[in-house]
Amino acid sequence: MIRSVITGTGSALPVRRVSNAELAETVDTSDDWIVERTGIRFRHLAGPDETTGTLAADAARRALAAAGCAAGEIDLIVLATATPDQTFPATATKVQALLGIDDCVAFDVAAVCSGFLYALQVADSMIRTGAHARALVIGAETFSRILDWQDRTTCVLFGDGAGAIVIEARDSGEEGPGIIAIKLHADGRHNQLLYVDGGPSTTGTVGLLRMKGGEVFRHAVTNLAAVLEETLVIAGLTSADIDWVVPHQANKRILDATARKLGLPAEKVIVTVDQHANTSAASVPLALDVAIRDQRIMPGQLIVLEAMGGGFTWGAAVVRT
Ligand code: COA
């Protein structure tokens, strides 16, 4: 049975780390409010020389090193982002150039905070057809560039960063490592609850992020619990089989409420939102890399990845490490 196996992970964060207290010097907010409502304590914000593409390339280099794989062995790059370096070309091709890969397939996927799950599904499918042997799947964002820094209800929630994984086609057997199941959803009826008020084809500007936070929160808990259940059923597993949940890191209260709904103990949930805030498409691979490097996630374990974002889009994946 050919499966896509994760052979290496990597991540990258901008140098500048900003605390809630530092934000409160310029925004009408407080450390207490942000921690109590979201669990966020810090976020990293990109400097002028740091872009989605450079962060993605740094994360990719670390993933390649962890996989023991040379850049030239990669034949597919799928990069999830809502904050590309330019409208075109795809930021994936910038990463390709920065890594010195002369020829491979490279393109971006846009599904906002669920982007990494979407990119994973696309890359996994392309690997399982036999067309590709080794892929970089990347989630990378610089949301600080599309935040309205006058709007305290949104600007305190997001950060910048990148996460990358290398996946390889392997015949690993029924109980072996690999991506076991992925389930994705989208419901465009809700695309006015979380969006950017600009774009090349409408205003001709980049635009700024707008969100009805309370409504997003309610949908997130319902949709994430449902898609987790659904993906476990597809994989023939129950929540009791799962060693770790690696959720999209939007809000600690969403993580807690979703885990409670599924009867999953909080100790099984990887939490990085306190350190990175919401890094959109980067958050799942970033959290995965943190938990693999600190050796909470070990080889042979069953993990679940999940995310929900603007669109709405949402999804989950079951993976054996
Ligand atoms: N600092 C201080 N006060 C703030 C604030 C901030 N940064 N942001 C909002 N407030 C105020 C509001 O103005 C409001 O004041 P009022 O009662 O005087 O009008 C009060 O805090 C409560 O606001 P509310 O929006 O009801 O808070 P909440 O408990 O719903 O939390 C979010 C707001 C945004 C943290 C929460 O709704 C959320 O996390 N939503 C999901 C967001 C998300 O995950 N999006 C990404 C999905 S990919």
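First listed ligand is number 1; within each ligand, the first listed atom is number 1.
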### Query
Hey, what's the ring geometry for His276 with His44, parallel, tilted or perpendicular (30° and 60° as the breaks)?
perpendicular
### Task
Enumerate the atoms of ligand 1 whose separation from the nearest heavy atom of Asn278 is less than 4.0 angstrom.
46 (C), 48 (S)
### Summary
Among non-hydrogen protein atoms, atom 31 (O) of ligand 1 lies closest to Arg253 NH1, 4.0 Å
### Task
Mark up the atoms of ligand 1 that fall under 4.0 Å of a heavy atom belonging to Arg37, in ascending order.
22 (C), 27 (O), 28 (P), 29 (O)
### Summary
The option among Glu215, Gln249, Arg152, Glu36 carrying the non-hydrogen atom nearest to atom 15 (O) of ligand 1 is Arg152
### Task
Using non-hydrogen atoms of the residue, decide whether Thr38 is closer than 4.0 angstrom to ligand 1.
yes
### Single hit among Thr231, Ile182, Val246 for side chain to side chain contact (heavy atoms under 4.5 Å, CB included) with Leu305
Val246
### Message
For atom 19 (O) of ligand 1, is there a protein heavy atom at a distance under 4.0 Å?
### Response
no
### Task
Please report which non-hydrogen protein atom sits nearest to atom 45 (N) of ligand 1, along with the residue it belongs to and the distance in Å to one decimal place.
Met211 SD, 3.2 Å
### Query
Is any side-chain heavy atom of Glu230 less than 4.5 Å from a side-chain heavy atom of His185?
yes
#### Entry: Side-chain donor-acceptor pair present, Asp160, Ser144, cut-off under 3.5 Å
yes
### Task
Give the single entry among Thr313, Leu157, Thr29 that approaches atom 6 (C) of ligand 1 most closely by any heavy atom.
Thr29
### Query
Which ligand 1 atoms are under 4.0 Å away from a heavy-atom of Cys113?
48 (S)
### Message
Counting C-beta onward and ignoring hydrogens, is there a side-chain heavy-atom pair between Asn20 and Thr29 closer than 4.5 Å?
### Response
no
#### Entry: Side-chain donor-acceptor contact under 3.5 Å, Arg17 with Gln275
yes
### Message
What I want to know is whether Ile254 and ligand 1 share at least one N or O pair that is separated by under 3.5 angstrom.
### Response
no
#### Entry: Sub-4.0 Å protein heavy atom next to atom 39 (O) of ligand 1
yes
### Query
Which residue and non-hydrogen atom of the protein lie closest to atom 41 (C) of ligand 1, and at what distance in Å?
Gly213 O, 3.4 Å
### Query
Hey, is the main chain of Gln301 close enough, under 3.5 Å, to the side chain of Asp243 for a donor-acceptor pair?
no
### Query
Taking atom 33 (C) of ligand 1 as the point of reference, which of Phe217, Trp33, Trp314 owns the nearest heavy atom?
Trp33
### Task
For the pair Asp274 (side chain) and Gly39 (backbone), establish whether a donor and an acceptor sit closer than 3.5 Å, ignoring hydrogens and angles.
no
### Query
Between CD1 of Ile127 and CZ of Arg3, what distance do you get to the nearest 0.5 Å?
13.5 Å
### Message
For ligand 1 and Asn251, I'd like to know whether there is a polar contact (N/O to N/O, distance under 3.5 Å).
### Response
yes
### Query
Is it true that Gly214 lies under 4.0 Å from ligand 1, counting heavy atoms only?
yes
### Task
Kindly indicate whether atom 48 (S) of ligand 1 is approached by any protein heavy atom to under 4.0 angstrom.
yes
### Message
Could you check whether Asp256 pairs with Arg253 (Lys NZ or Arg NE/NH1/NH2 to Asp/Glu carboxylate O, under 4.0 Å)?
### Response
no
### Query
Which atoms of ligand 1 have any heavy atom of Ala250 under 4.0 Å away?
44 (O)
### Message
If only side-chain N and O atoms count, and only distance matters, is there a donor-acceptor pair under 3.5 Å linking Thr279 with Glu141?
### Response
no
### Query
Got Ile101 and Ile77 here, is their nearest side-chain heavy-atom distance under 4.5 Å?
yes
### Task
Using a strict cut-off of 4.0 Å, indicate which atoms of ligand 1 neighbour a heavy atom of Met308.
48 (S)
## Note on the structure
So the atoms of ligand 1 within less than 4.0 Å of a heavy atom of Val156 turn out to be 7 (N)
